[in-house]
Amino acid sequence: RPQLVQSGGGSVQAGGSLRLSCALFEDSHRNYCMAWFRQVPGKERKGIASIFTAGGTIFYHESVSGRFTISWNSTSNTLYLQMTSLSPEDTGTYYCAAEPGYYCGVSNYAPSYLDFHNWGQGTQVTVAS
């Protein structure tokens, strides 16, 4: 079973930037759908970005499009989320997720938490106004 270990996050002022990392540990060398989700108390995890490790269309939720960048480093097996122009509305717990063999590189794909069975431990991002 793949393991996901997250790092990064923390507190920042509005307008600032943060980078989240998510290291994938597995030995199958399969391709994965990788995604970032954000959760706030009392609400469902919302998919904000996704990428297929072998390429294809990248998804961004409209709330982060143009400000966040998801990327995958195949050498280090690490997923990143570069977040810029942060606002208090970006506050929440961020989770990375991975699903082996699930091709999410199509243009009409939007990640749902139901699509993923492997999750990172979560990291808090707090944006102060």
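Both backbone and side-chain heavy atoms feed into the values below; hydrogens, waters and symmetry mates do not.
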Can you name the nearest heavy-atom pair linking [X] to [Y], along with the distance?
X    : Y    : answer
A35  : F116 : CB-CZ, 3.6 Å
R45  : Q39  : NE-OE1, 3.0 Å
S129 : Q13  : O-OE1, 3.7 Å
G92  : V40  : CA-CG1, 4.1 Å
M34  : T53  : CG-CG2, 3.7 Å
P111 : A49  : CG-O, 4.3 Å

V64/K46 under side-chain contact (heavy atoms from CB on, under 4.5 Å): CA gap, chis, key distance, verdict: CA-CA 12 Å; V64 306; K46 179 171 73 176; over 6 Å; no
Hey, what do you get for [atom1] ([X]) to [atom2] ([Y]), rounding to the nearest 0.5 Å?
X    : Y   : atom1 : atom2 : value
S112 : E44 : OG    : CD    : 6.5 Å
S85  : D90 : OG    : CG    : 9.5 Å
L79  : L24 : CG    : CG    : 9.0 Å
T123 : L81 : OG1   : CG    : 11.0 Å
S65  : I58 : OG    : CD1   : 11.0 Å
L18  : Q82 : CG    : CD    : 8.5 Å

Aromatic centroids of F52 and Y103 separated by under 6.0 Å: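 So the answer is yes for these two rings.
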Ring centre gap for W119 and F37 strictly below 6.0 Å: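 Yes, they do, as the ring centres are separated by less than 6.0 Å.
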Report yes or no: do [X] and [Y] form a side-chain donor-acceptor pair below 3.5 Å?
X    : Y    : result
D115 : Y109 : yes
Y32  : E26  : yes
N73  : T78  : no

Using a 3.5 Å distance criterion without hydrogens, assess whether the side chain of [X] forms a donor-acceptor pair with backbone atoms of [Y].
X   : Y    : result
W36 : Y80  : yes
Q6  : G122 : yes
T91 : V127 : yes

Tell me, do [X] and [Y] make a side-chain contact under 4.5 Å, heavy atoms counted?
X    : Y   : value
Y102 : N31 : no
Y60  : T69 : yes
S21  : R19 : yes
V125 : M83 : yes

Mutual orientation of the aromatic rings belonging to F68 and Y94 [parallel < 30°, tilted 30-60°, perpendicular > 60°]: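 Rings of F68 and Y94: tilted, 30 to 60°.
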ILVMFWY network linking I70 to F59, side-chain heavy atoms under 4.5 angstrom: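 No; F59 is not reachable from I70 via cluster members.
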Same apolar cluster: L4 and Y113, side chain cutoff 4.5 Å: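 Each belongs to a different hydrophobic cluster.
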Within residues 4-45 or reaching into it, pairs that qualify as disulfide bond (SG atoms under 2.5 Å apart) - sequence neighbours excluded: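 Applying disulfide bond (SG atoms under 2.5 Å apart) to every pair that reaches into residues 4-45, excluding sequence neighbours, yields C22-C96, C33-C104.
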